[in-house]
Protein chains: 2
Amino acid sequence: MKFENQPSYSLGRRTLSTKDVAPGEAGTNVTLISQLTLGAINRGRVLQALYDNGPKSRVDLARLAGVNRTTITGIVQPMIEEKLLVEGDAAPSDVKGGKPARPLFFNPDAPMLGAVLLLPGKIQTCLVTLTGEIKAHMKTEFDPLGDRDAFLSVMRETLSSTLSQAPQAPFGIGVASAGMIDSDNGVILAVNLAPVLTGLPLVDLLQEHFSLPVVIDHHPRALLVGDRWFGPGRGLQTFAAIYTGEVLGGAFYIEGKVYRGLAGSGGELGHSVVQIDGEACNCGKRGCWETVAALPWLRREAGRLGLRDPGNITCARLVKEADDGSKAADALLDRYTRNVAFGIVNLQQTLSLNSYVLHGDVAGGGQMAAERVRQHVEQLVMMRPNQEISITVNGIGEGHTALRGAAGLVLSSHLKVVI
Amino acid sequence: MKFENQPSYSLGRRTLSTKDVAPGEAGTNVTLISQLTLGAINRGRVLQALYDNGPKSRVDLARLAGVNRTTITGIVQPMIEEKLLVEGDAAPSDVKGGKPARPLFFNPDAPMLGAVLLLPGKIQTCLVTLTGEIKAHMKTEFDPLGDRDAFLSVMRETLSSTLSQAPQAPFGIGVASAGMIDSDNGVILAVNLAPVLTGLPLVDLLQEHFSLPVVIDHHPRALLVGDRWFGPGRGLQTFAAIYTGEVLGGAFYIEGKVYRGLAGSGGELGHSVVQIDGEACNCGKRGCWETVAALPWLRREAGRLGLRDPGNITCARLVKEADDGSKAADALLDRYTRNVAFGIVNLQQTLSLNSYVLHGDVAGGGQMAAERVRQHVEQLVMMRPNQEISITVNGIGEGHTALRGAAGLVLSSHLKVVI
DNA sequence: ATAGGTTTGTGCGAAGTACAAACTAACTGC
DNA sequence: GCAGTTAGTTTGTACTTCGCACAAACCTAT
């Protein structure tokens with residue numbers, strides 16, 4: 001399946017010369033900003049301001065970006081003509097007189113984004129509109145220990161069937177995958193619980209098959225982008241997303257950009273050490289954060305304490321049982337959230353981000369669990385005057401945040417929209 | 001002491017309107033790049049390319065920056081006229097024919113930078129040329145428990161006497177200080193070992209007294225900038241500087257920029273936790289990295305093991321004694337470097353920087369100690385294919401790196417030169 | 001000595017971008 | 001109907017980078 005009528009990947013840029021990428025891709029350490037890249041950057045930033053603040057008039061955008069109204073008009077007009085943005089109805093303004101403002105926002109009928117969420121044994125695909133809506137959601141399964149060709153066949157079929165529901169060619173495809181990902185080269189390096197994926201150059205394979213731009217990143221980073229786009233991280237310039245479950249991971253949004261270490265390897269927090277010579281971890285080392293703050297630890301401790309059905313214990317159940325008066329559940333919840341807090345403490349001491357969004361098991365415990373984590377963090381971190389640490393959850397929607405994030409990756413990587 | 005003939009703070013920008021800062025300082029989250037800021041940014045990047053690569057011709061700079069030769073000429077010419085840069089003698093080129101290239105570099109006679117290093121009880125001041133040379137170096141002492149006015153008087157006098165040796169007004173003054181610093185507001189929040197400095201708004205005080213731009217940052221960040229400018233971090237786009245001694249600290253250079261957390265609080269690594277419920281730390285918590293990888297730990301363990309003069313043990317001595325055949329010293333060195341490694345491992349898992357420069361006590365142990373640390377890190381971290389972790393030392397010069405770094409802070413903050 | 005080739009560096013005009021001032025459009029209140 | 005206010009557009013200006021043509025300065029071959 002190939003798309004013929006591909007949209008320009010420039011989201012509103014009028015011309016697209018081959019030379020355009022040359023300055024940035026010169027392969028050196030220092031690059032100057034040319035006149036062309038300047039325009040692309042500013043166009044991206046206007047779009048980001050729209051994402052951050054919702055529908056806004058030209059004047060509001062000018063105020064938000066600190067530039068002249070005429071500049072915004074110049075940037076926005078071609079995007080309206082390309083049907084990327086639409087002008088809403090004149091909103092009744094709160095001021096007395098004057099011409100009413102026409103809010104601008106993304107056109108729901110603009111090309112969509114393809115999104116894939118790849119977890120051990122499970123594939124989810126969908127289309128995401130530029131307004132953040134999820135369409136044509138599909139779920140399939142694959143054998144994590146099986147044959148690579150079988151996996152690829154399932155993958156292609158599912159994605160193809162989802163993408164074919166788009167009225168026009170999507171801007172691109174974003175993939176969020178569990179495991180260790182080389183996002184620079186588009187390769188899945190290793191997924192402990194799904195060996196079939198090891199070493200898979202998924203980006204090249206999908207790019208070839210669908211003739212669309214494809215990006216991949218690891219699961220926590222997609223959650224981060226999902227949070228940033230239409231979740232609790234919306235509008236924030238600096239925050240972290242933390243995933244807890246069978247494994248632990250994290251990703252950071254720093255000074256308006258998604259942080260990727262070299263070859264996209266930052267954020268593998270699960271194997272940072274919080275207990276020198278502590279318990280053995282899956283990774284072969286000892287005392288990793290994952291050994292004390294992930295579900296296997298929780299199950300083991302629940303069993304040791306004689307809690308009901310320890311093999312299926314979750315933070316959500318723990319909160320409920322503690323709420324119902326179980327002292328044992330309450331005590332375990334306290335230890336669990338404290339252990340989770342240590343990882344956040346180390347992040348806070350290192351990067352001082354101040355805002356954290358929890359996903360996965362702890363997020364299932366809701367704001368109650370988040371508040372417990374926050375209290376432990378405040379006790380364990382070196383606080384500064386006037387500093388406040390915010391911890392929220394974004395656990396609802398069963399993969400929706402990750403799928404939105406995967407879609408958002410396309411915007412940020414291929415379309416120069418900073419999300 | 002006030003300077004009258006202040007240089008333009010723009011390093012080669014020709015006009016400086018008041019409106020110039022307005023767009024950037026609009027106080028919002030998204031800002032567009034204007035035509036004026038574009039020029040400033042590109043000028044700064046050309047200078048960075050010069051720092052990174054040493055004297056280079058216009059053609060070389062154009063190649064390095066991926067831009068047209070004429071662009072470089074346009075940027076560089078005003079700087080030569082302002083006597084910021086100088087054209088060197090035509091160097092014999094390695095190619096056969098052609099007009100010989102004229103290398104450009106910083107004018108040694110351009111205005112210098114004032115630098116201050118503030119450690120508990122000790123003040124160092126100097127002037128730093130744009131070519132990284134240290135001049136008019138002075139050292140004085142103050143009572144860390146004494147009177148604030150007494151400290152300020154010593155401070156002013158020392159700095160005044162250093163600055164007066166400059167033939168023309170310096171570009172500004174950079175201060176590197178131990179302790180917890182709010183670099184955004186220019187305030188020393190707390191220095192455990194020098195309470196007299198607590199809450200001191202040093203930037204405002206010095207700015208008022210000397211009528212020069214002043215910046216402050218914490219000690220590890222100055223080391224980082226010093227490394228980046230004329231040390232082992234030169235030309236790197238991503239690396240960390242780690243300081244070990246009585247306390248532990250670190251700072252990061254990420255994707256071409258010095259990383260500062262909110263209010264400049266990132267990098268307080270000493271109090272990240274590597275041993276949940278471990279030994280008590282000065283900060284009131286338990287199991288901080290500082291409790292197992294700083295000098296107090298080393299002294300205590302040396303005493304426990306019966307090593308000679310444990311109160312004055314250093315990594316340097318440990319290396320020497322291990323080299324001379326002491327099994328006990330060798331074993332302790334191994335544990336010490338392993339404990340240091342844990343902090344680097346956590347950093348690597350989190351940010352994946354791959355390059356680390358050690359300062360302070362461990363750096364005193366030379367490349368030998370660094371290699372031990374590196375080996376431990378490689379054993380403790382989750383390595384990726386083709387990944388290499390580099391650990392170097394920059395321990396020589398007794399404060400010179402920090403002083404250079406303090407000077408470099410001025411370049412990067414007030415002159416928009418990205419170092 | 002001279003001609004041809006090569007590389008470095010400099011004017012000049014073109015194209016692209018943001019900004020400022022003046023203008024039109026649309027609404028409120030008297 | 002008119003003044004006042006806010007939103008958005010038109011027009012001209014300033015600034016920046018780029019491509020082309022050209023001069024300057026060197027080497028090599030004849």
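If you're wondering where the values come from, they're calculated on a predicted model, not measured in any experiment. The sequence lines fix the lettering, A, B, ..., with proteins before strands; numbering per chain opens at 1.
Counting to the nearest Å, the P atom of C:dA18 and the CZ atom of A:Arg45 are 11 Å from each other. At whole-Å resolution of the value, CG in A:Asp89 and C1' in C:dC27 are 16 Å apart. Atom pair A:Leu104:CG and D:dA7:P shows a separation of 13 Å (rounding to whole Å applied). Taking atom CG of residue A:Asp60 and atom C1' of nucleotide D:dA7, one finds them 10 Å apart after rounding to whole Å. Following rounding to the nearest Å, A:Arg102 (CZ) and C:dA26 (C1') show an atom-to-atom distance of 11 Å. In this structure, the CG atom of A:Leu32 is 15 Å from the C1' atom of D:dC15, given to the nearest Å. Between A:Leu61 atom CG and D:dT9 atom P there is a gap of 12 Å when expressed in whole angstrom units.
Listed candidates were C:dA18, D:dT16, D:dC26. Nearest to the side chain of A:Ile75 is C:dA18. If you check C:dG16, D:dA25, D:dG8 against the side chain of A:Leu36, the one that comes closest is C:dG16. When each of C:dC19, D:dC15, C:dG9 is scored by its nearest atom to the side-chain atoms of B:Gln35, the top-ranked nucleotide is D:dC15. For A:Leu38, the side-chain atoms get nearest to C:dT17 when compared with the rest of C:dT17, D:dA7, D:dT16. Ranking D:dT17, C:dA25, C:dT8 by closeness to the B:Thr71 side chain, first place goes to D:dT17.
Shown here are the side chain to side chain contact (heavy atoms under 4.5 Å, CB included) partners of A:Lys99, two or more places apart in sequence or in another chain: there are none. Remark: A:Asn354 engages A:Gln348, A:Ser352, A:Gln387, A:Ile389, B:Leu262 in a side chain to side chain contact (heavy atoms under 4.5 Å, CB included) (not counting sequence neighbours). Judged as a side chain to side chain contact (heavy atoms under 4.5 Å, CB included), and not counting sequence neighbours, the contacts of A:Ala115 are A:Cys126, A:Val128, A:Leu403, A:Ala406, A:Ala407. Remark: A:Pro232 pairs with A:Asp227, A:Val357, A:Thr392, A:Asn394 by the side chain to side chain contact (heavy atoms under 4.5 Å, CB included) rule, at least two apart or across chains.
Close to D:dT17, at under 4.0 Å from its OP1 or OP2, lies a side-chain N or O of B:Asn42.
Using a 4.0 Å heavy-atom cutoff across all strands shown, A:Ile33 reaches sugar-phosphate atoms only and no base atom.
Taking the charged nitrogens against the carboxylate oxygens, A:Arg228 and A:Asp52 do have a contact shorter than 4.0 Å, which makes a salt bridge.
Side-chain atoms of B:Arg221 never come within 3.5 Å of backbone atoms of B:Ala251 as a donor-acceptor pair (strictly under, hydrogens ignored).
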Please tabulate, for side-chain N and O atoms in residues 65-80 of chain B, each donor-acceptor pair with protein atoms closer than 3.5 Å (sequence neighbours left out).
residue, atom, partner, partner atom, Å
B:Asn68, OD1, B:Thr70, N, 3.0
B:Asn68, OD1, B:Thr70, OG1, 2.8
B:Thr73, OG1, B:Arg69, O, 3.4

For nucleotides 10-14 of chain C, list the nitrogen or oxygen atoms of the protein found under 3.5 Å from its nitrogen or oxygen atoms, one pair per line.
residue, atom, partner, partner atom, Å
C:dT10, OP1, B:Gln77, OE1, 3.3
C:dT10, OP2, B:Arg58, NE, 3.2
C:dT10, OP2, B:Thr73, OG1, 2.9

